[in-house]
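What follows is a short report on a single structure.
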Amino acid sequence: MRRYNPKVIEPKWQKVWDESNIYQIDTKDAANKFYVIPMFPYPSGDLHIGHWYNFAPTDTVARWRRMMGHKVLHTNGFDAFGLPAENAAIKRNIPPAKWTKENIASMTEQMKAIGASYDWSKQVATNDPDYYRWTQWIFLKLYEKKLAYRAKGLVNWCPKDQTVLANEQVIGENNVCERCGTPVIQKELEQWYFRITDCTERLLRDLDELDWPERVKHMQANWIGKSQGALIDFATEDGKHKIQVFTTRPDTIYGATYIVLAPEHPLVEKLTTDEQKSEITQYVAAASRKTELERKEAEKEKIGVFTGAYAVNPANKEKIPIWVADYVLMSYGTGAIMAVPAHDGRDWDFAKKHDLPIIQVYDQDGANPDSYYTDEGVVKNSGPYDGMPTNEMREKIVADLAKKGLAKEETQYRLRDWLISRQRYWGPPIPIIYCDKCGIQPVPEEDLPVLLPEDVEFTPTGQSPLLQDEKFVNTKCPNCDGPARRETDTMDTFVDSSWYFLRYPSPGYKKGPFDPGTISKWGPVDHYIGGIEHAILHLLYARFITMFLHDHHGLPFEEPFKKLSNQGIILGPDGHKMSKSRGNVVSPDEQVTSYGADSLRLYMMFMGPYDQGGPYNLGGIAGTRRFLDRLWTLAFEFLDAKQESKGHNAELEIQIKRPVHKAIKRVSQDLEELGFNTAIAALMECINELYKIKSKHNFALAPEAWRDACITLVQLLAPFAPHITEELWKELGQSGSVHVSKWPAWNESLITEETMTLAVQVNGKVRSEIIVSTDVNETEAIETAKKDAKIAKFIAGKKLKKAIYVPNRLISLVS
Ligand code: ANZ
Ligand code: ZN
């Protein structure tokens, strides 16, 4: 018997599939389409186990859908712009374009080794000028609609290197420049933004309709961060200024014992008294060196400085001090808060630290009166509002203050416009020209793409080489033809990935980012599968760009991804996140060399629920390999056995069919929910059952049933382990490819029916036993008995005078 050798059969079938283009589709016809893709990878140079965990199971879904009769569009591409290519250029002195190209080539080979059923003719790479011209086109179209705009924004700035730094380049506790160790400051520079806040409510509302994990929908909703509250005006003590605060708890206003301004708040300078000036100035400068993220940290000590000025609480006319503290952010609400230490954690910490008064303004069941509490309750210490439920007071106080022109209801969102400028080289150039005479000029559409020069010198300062490339920078104004300068910033890589799934169905299209006719048939993506790390930004940006293209450029859908699934994270064998420094990285290539791609695919899908991932057990793959060996052996033992039929044994046939049909049902249903592990368990149980039957009965007793069983098993396993199943399919005498064969259907009655044993008598003597379904009818029971191999011997050539069926007990034949 031939041994199962994945080293031979896997490359063989990969080549056959490649050469015959069996996964390539013509997107003209989209009847019964199914569009399924993984999140495309960054070309880092090595396909790691996390990629496998994304691509192999996604391929399983694609293969299964194809066998279910769908026309499947399945492919993969490369998110090819980004910082690591640039860092490689600086460290290893390889041009980013070259580094990226080599990585794409080697990773494409690694992708083929997975055995994924990609339509390679649909592949895209975002650094391809034919791709990024359309990224630039999208920028221009947004600009046309005033949805791309230029404004001042905060960036990390190294005062010594005179350059902008990415967040990753600001290191250490003191936030110093990665290169020179100088403390980094936050500086305002002109940046380009996409007005994603134009779609805030829509991005929130449409979440309801999506077949996405609840967790992801929550994360998106939190990121958008809708807060309903009020704006309330606090006058300064001298009546000269008004401080507007945003609060979600106007019902606690009687407990507002001080005001806090963000360090960047324009009133800080105006209000600070002379005695407090130097302290405030120092504090504000220190705050400018912190990132917003650090300032938001909950555990951080809440320190601030008193301005020396006072405000008046509009509810009770009390005089309260005005402080400056960096836990209040200028970028949210109004950059000023009324602090209620009795009912807010940050305010509580701050008041304790600076010894400010704390006044409880409601009672809450079960709350600890010696700490702050934040839920609802019954109002106290609040004058005319005492005794009211907090939620009632919330509306009443806003209405009352509104009458005096001091408050109004307000909804705030956390979502900010999308800053897309990167002071980086390896990205699509922003298609904008600056002319001294005419100002900002968009590059005319027919001049796209604005090519990124590839033969550039990287300087050790880390500045973008675009700045120094005179040929690139100096250009003509499209309006007056006079001398002008190109924008040297490039776009955020999230812009590249916000629309690539629209390009796959018509990757060569010349007149736009997508062929409108084709995308209207193929979009949206039916099933999008990838990591939870993209739950927020990538998906939000992709949704925004899709909405924009829908509104203005004929895309017939508003949401890009109908169904979303997230893979879990694969940990190292030690249960920790895989990392080179821990030495717990599992190399998929090594696993493939030892066990084969099919075993690896199967193991990864068997190791646990897909959305949970877990530690990679190095011994586990041997188990899935053994399972494949058993399937192989069963098929070959059957093929090698004498197969001429020795009669028709209905009872044995049912025995063989039952586990197979159970498996069809379970695998079909589990795949619907990405229950890969339980589907594979069902296949393993089926094989075990068949081995038990095989140990008792000769193949020749039911060769047709055995053949069917082998063929069906091969089909059920095909989406998981595409190579071995293709090989066995051929060995079992089937034509074409198993991957385009029709997914088997199960016969419910074969599964749910119980069986019973009936004794069979011939002329009063028990000669055999048969197994039949419990709801067998008389004719079926008698026919089954007559066909039983032993009985057949006794009645051969005789004419039956009588056949009696005693239900559930016996069959009596009289000759
Ligand atoms: C008074 C108050 C009393 C508040 C209380 C909370 C509890 P969300 O839900 O996230 O929108 N806040 C407002 N602007 C801020 C800023 N720029 N930086 C930091 N904090 C800010 O939170 C709204 C609450 O966060 C607001 O309601 C305000 O504190 C604070 F018992 O006002 B609250
Ligand atoms: Zn001009």
Side-chain angles (χ1 to χ4, degrees), residues 221-232 234 243-265 267-268 287 290 292-293 295-298 300 302 304 313-315 320 323-351 358-362 364 367 371-377 379 381-382 390-391 393-394 397-398 407 409-416 432-444 474-486:
N222 281 342
W223 187 262
I224 294 166
K226 182 173 182 170
S227 270
Q228 272 154 323
L231 295 173
I232 301 179
F234 285 65
I243 302 170
Q244 192 172 53
V245 304
F246 171 65
T247 175
T248 47
R249 295 299 300 262
D251 50 319
T252 62
I253 190 165
Y254 283 79
T257 51
Y258 57 96
I259 293 278
V260 185
L261 304 178
E264 304 83 1
H265 197 286
L267 283 177
V268 172
K290 292 187 188 166
E292 188 159 301
L293 212 62
R295 286 172 50 171
K296 277 197 270 195
E297 267 171 31
K300 197 198 62 150
K302 304 286 179 294
N313 184 328
I320 56 175
W323 285 67
V324 173
D326 65 8
Y327 76 92
V328 174
L329 304 172
M330 197 56 222
S331 56
Y332 188 65
T334 60
I337 66 160
M338 63 176 213
V340 183
H343 304 294
D344 180 279
R346 294 162 303 178
D347 297 346
W348 169 270
D349 292 347
F350 192 82
I358 298 173
I359 301 170
Q360 293 172 346
V361 288
Y362 62 91
Q364 180 186 313
S371 180
Y372 67 93
Y373 46 90
T374 59
D375 287 347
E376 304 291 327
V379 173
N381 297 330
S382 301
T390 41
N391 56 2
M393 170 166 176
R394 192 131 67 227
I397 182 83
V398 176
E409 298 203 14
E410 167 81 358
T411 302
Q412 282 282 327
Y413 301 89
R414 295 223 163 253
L415 185 66
R416 293 285 162 267
I432 286 287
I433 292 169
Y434 301 101
C435 169
D436 285 342
K437 266 203 335 231
C438 317
I440 299 178
Q441 294 295 315
V443 170
N474 296 322
T475 185
K476 274 191 197 156
C477 169
N479 193 40
C480 71
D481 227 22
R485 292 171 61 79
R486 279 192 196 283

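Order of listing sets the numbers, starting from 1, for every ligand and every atom in it.
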Looking at D436, I'd like to know if its CG atom is crowded, meaning that more than 12 non-hydrogen atoms belonging to other residues, nucleotides or ligands lie closer than 6.0 Å. no
Does the D344 side chain pair with the main chain of A339, one donor and one acceptor, at a distance under 3.5 Å? no
Pairs of nitrogen or oxygen atoms, one from ligand 1 and one from the protein, closer than 3.5 Å: please tabulate them with distances.
unit_1	atom_1	unit_2	atom_2	d
ligand 1	9 (O)	S227	OG	3.2
ligand 1	10 (O)	R414	NH2	2.5
ligand 1	11 (O)	S227	OG	2.4
ligand 1	11 (O)	Y332	OH	2.6
ligand 1	17 (N)	L329	O	2.7
ligand 1	17 (N)	Y332	O	2.9
ligand 1	18 (N)	L329	N	3.0
ligand 1	25 (O)	R346	NH2	3.4
ligand 1	27 (O)	T247	OG1	3.4
ligand 1	27 (O)	T248	N	3.0
ligand 1	27 (O)	T248	OG1	3.3
ligand 1	32 (O)	T247	OG1	2.7

With a cut-off of 6.0 Å (strictly less than), are more than 12 heavy atoms of other residues, nucleotides or ligands near CD of E409? no
Look only at the side chain of T334 and the backbone of Q244, and say whether a donor-acceptor pair between them is shorter than 3.5 Å. yes
For the metal site, I want the angle between atom SG of C477 and atom SG of C435 with the Zn ion (ligand 2) at the apex, to 10°. 110°
Angle at the Zn ion (ligand 2) between SG of C480 and SG of C438, to 10°? 110°
Looking at Y372, I want to see if its OH is surrounded by more than 12 non-hydrogen atoms of other residues, nucleotides or ligands under 6.0 Å. no
Would the distance check show the side chain of Y373 and the main-chain N or O of Y362 forming a donor-acceptor pair, the cut-off being under 3.5 Å? yes
Only one of T390, D251, V361 forms a side-chain contact (heavy atoms from CB on, under 4.5 Å) with S382, so which one is it? V361
